[in-house]
Participant: 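Before anything else, here's the structure in question.
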2 protein chains.
Amino acid sequence: MSIKPAYMTATLAKGLDVLEALSDEEEAGLSDLARKMGLSGPTLFRLLATLAACGYVQKSAANRYRLTLKTWEIGARAVRRIGLREQAHPHMERLATELDETVHLSVLQGDGIVVIDKVDCANPVRVDTFVGLRAPLHGSATGKAILAFLPEATLDELLPSRLLRHTDATIIDRAALLRELAQVRRAGWARNREEWRPGVCAAAVPVRDATGTVVAALSVTVPSSRFANDVVRDRLVPALRRAAEAITREVTRKGQ
Amino acid sequence: MSIKPAYMTATLAKGLDVLEALSDEEEAGLSDLARKMGLSGPTLFRLLATLAACGYVQKSAANRYRLTLKTWEIGARAVRRIGLREQAHPHMERLATELDETVHLSVLQGDGIVVIDKVDCANPVRVDTFVGLRAPLHGSATGKAILAFLPEATLDELLPSRLLRHTDATIIDRAALLRELAQVRRAGWARNREEWRPGVCAAAVPVRDATGTVVAALSVTVPSSRFANDVVRDRLVPALRRAAEAITREVTRKGQ
DNA sequence: CTTGCGTTTTTCATATTTTGAAATAGGCTT
DNA sequence: AAGCCTATTTCAAAATATGAAAAACGCAAG
């Protein structure tokens, strides 16, 4: 993974790659991993020993390695610093109950969005998601709701020249996406109709902080069967908007 | 941080230390951090460049560095693999409502416990905690509830020879702690009376998986003023126990 | 109990990488 | 414009990481 800019300590990069590789699997053996990553046995052995010594990885009696929760712990502090989550949560619960749909709070992270909190609905027919889930910017309602309010320069950096196709409905034409983003800006909400995962739709609104900057997005993720246009317009979007505004007020109050 | 066992690639260890150092602060400048960590400017510069290239760190226009959510994202997958959380959450909500106290789900991680989920109570007088919080094994109800059911060998490894004192009430005598753990085993629940943080008490019960192994602990964290003995015995503990059993049943069912 | 294969761990000489001093370039303040 | 602090770049020296090969395991099958 990752490009190689001028200054780069190779060993650290390799170690981080190991971390990432491990996060893909329940657990892994040394030689398997070495093959998969193109590292020599001894090298990976030492990287893993270091990761283990630093507490990022655990080695079982059977010589299998797995991630500990240390990365998560470190990251949790970063998430906590965003704040927002505690203040948003009660509103998300209310929303999930009112709409009986799964509600997500997500933020921009790298070239995608990441779900930092969610509240499941009671409805047994629901989409499988989880806190920590990453979604593409151009293929998610959340992504579009955030993209639409970004400075143009940032947007250019974030959008790759070739938008990846995930389903038949994915918007891969840059101009078309920009048109849609303009529409999102006008309407104040974004939608995703099976553009990333078949059968999955969503509606999202931006969440602003006290200064009016968009810092996150609030969304409901809905199976296609329940995503009729009028329901979205008359039920989902108004409720989302109310919740987002309530969150902003909350943050503004708490902020001072 | 961290000891230096035989096999250890120094560069990776340094890079990980940088990650940890950054997690302590909102953001940091290069020279400050270099001083604080005892690294030379250029070295830290390269480590940060690598961390940035790999997406773990972001560099602002003003040359300030801060963690991204990448560590959290990686860790979130590990947490997700534990499962448990989704299944436990509804029971935790019920418990928080019933008792009007903050409920935590925590697991063993390194030489402490880490909160992997929580549900706040409505009561405005409550203890400040957060998902991702780490607590000492011997100074928390959760820690004791987990310790008590560990194989003796593991327990020996986990408990340092000198238990750290956090408050006047902290149990720092190993023999006393072992006696208390025996008591926890007998009673099936553990308590913490201001042993870690002044004013903060808690009661915890172990959570077992389908095989009967203790995999987590469920706890209520309560300000001292509400932690009367009879309340704990008659109200908190029975409710905790019911919830923990319900979670175990849930996990057992879902597992097959 | 032995043999043998696959894995992990250790050793070690070599090549590479990392390192920090010093020089350079930016920024910001006065 | 001068001064001070921080970030970057360069570069030769020094420390480190590297992988081949050897050694140690662990395990399954004979």
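Here the structure is a predicted model, which is why all the values come from computation and not from measurement. Chain identifiers are assigned alphabetically (A, B, ...) following the order of the sequence lines, protein sequences preceding nucleic acid strands; residue numbering begins at 1 within each chain.
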Participant: Tell me, with the steps shown, if A/Leu163 and A/Asp173 meet side-chain contact (heavy atoms from CB on, under 4.5 Å).
Facilitator: CA-CA 7 Å; A/Leu163 298 172; A/Asp173 179 44; over 6 Å; no

Participant: Does B/Thr9 have a side-chain nitrogen or oxygen under 4.0 Å from the phosphate oxygens OP1 or OP2 of D/dT16?
Facilitator: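 Looking at the OP1 and OP2 atoms of D/dT16, neither is under 4.0 Å from any side-chain N or O of B/Thr9.
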
Participant: Angle between the end axes of the helix from C/dC1-D/dG30 to C/dT30-D/dA1, five pairs per end, to the nearest 10 degrees?
Facilitator: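 That helix has its two terminal axes inclined by roughly 40°.
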
Participant: Take atom CD in A/Glu152; do more than 12 heavy atoms of anything else shown fall under 6.0 Å from it?
Facilitator: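 No, CD of A/Glu152 has 12 or fewer neighbouring heavy atoms, counting only those of other groups under 6.0 Å.
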
Participant: Just say parallel, tilted or perpendicular for the rings of A/His166 and A/His138, cut-offs at 30° and 60°.
Facilitator: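 Plane angle between 30° and 60°, so tilted.
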
Participant: Under 4.0 Å, heavy atoms only, any strand: does B/Arg64 hit a base, just the sugar-phosphate, or nothing?
Facilitator: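 Nothing, no heavy atom under 4.0 Å.
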
Participant: Treat primed atoms plus P, OP1 and OP2 as sugar-phosphate and everything else as base, then score nucleotides 20-30 of chain C 5' to 3': B for base contact with protein heavy atoms under 4.0 Å, S for sugar-phosphate contact only, - for none.
Facilitator: BB---------

Participant: Would one find more than 12 heavy atoms of other residues, nucleotides or ligands at under 6.0 Å from atom CD of A/Gln58?
Facilitator: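 For A/Gln58, atom CD is not crowded (no more than 12 foreign heavy atoms under 6.0 Å).
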
Participant: Starting from C1' on D/dT16, measure out to CG on A/Leu47 and report it in whole angstrom.
Facilitator: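 That distance rounds to 13 Å.
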
Participant: Would you please say whether a donor-acceptor pair under 3.5 Å links the side chains of A/Thr9 and B/Thr11?
Facilitator: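 No pair is found: no donor N or O on one side chain lies under 3.5 Å from an acceptor on the other.
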
Participant: Is it true that A/Arg249 and A/Asp209 have a side-chain N and a carboxylate O under 4.0 angstrom from each other?
Facilitator: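 Salt bridge: no.
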
Participant: Nearest whole Å is fine: how far is D/dT6 P from B/Leu44 CG?
Facilitator: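 Interatomic distance, CG of B/Leu44 to P of D/dT6: 13 Å.
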
Participant: So, is A/Asn63 close to the D/dC25 phosphate, meaning a side-chain N or O under 4.0 Å from OP1 or OP2?
Facilitator: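 Answer is no, no contact under 4.0 Å.
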
Participant: Without decimals, in angstroms, what is the distance between B/Leu12 CG and D/dA17 C1'?
Facilitator: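 Going from CG in B/Leu12 over to C1' in D/dA17 covers 12 Å.
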
Participant: Tell me, yes or no, whether the heavy-atom count around A/Gln109 atom CD, taken from other residues, nucleotides or ligands under 6.0 Å, exceeds 12.
Facilitator: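 Enclosed.
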
Participant: Phosphate oxygens OP1/OP2 of D/dT9: is one of them under 4.0 Å from a side-chain N or O of A/Tyr7?
Facilitator: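 A/Tyr7 to D/dT9 OP1/OP2: side-chain N or O found under 4.0 Å.
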
Participant: In whole Å, I'd like the distance from the CE atom of B/Met8 to the C1' atom of C/dT9.
Facilitator: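 In whole Å, C/dT9 C1' and B/Met8 CE are 18 Å from each other.
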
Participant: For C/dT18, does either OP1 or OP2 sit under 4.0 Å from a side-chain N or O belonging to A/Thr11?
Facilitator: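 So the side-chain polar atoms of A/Thr11 do come within 4.0 Å of the phosphate oxygens OP1 or OP2 of C/dT18, strictly under.
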
Participant: To the nearest angstrom, how far is A/Phe45 atom CZ from D/dA17 atom C1'?
Facilitator: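 These atoms are roughly 15 Å apart.
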
Participant: Output yes when B/Arg35 and B/Asp32 qualify as a salt bridge under the 4.0 Å nitrogen-oxygen rule, no when they do not.
Facilitator: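 Answer for the salt bridge query: yes.
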
Participant: Roughly, in whole Å, what's the span from CG in B/Leu30 to C1' in D/dA7?
Facilitator: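 Rounded to the whole Å, the gap is 6 Å.
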
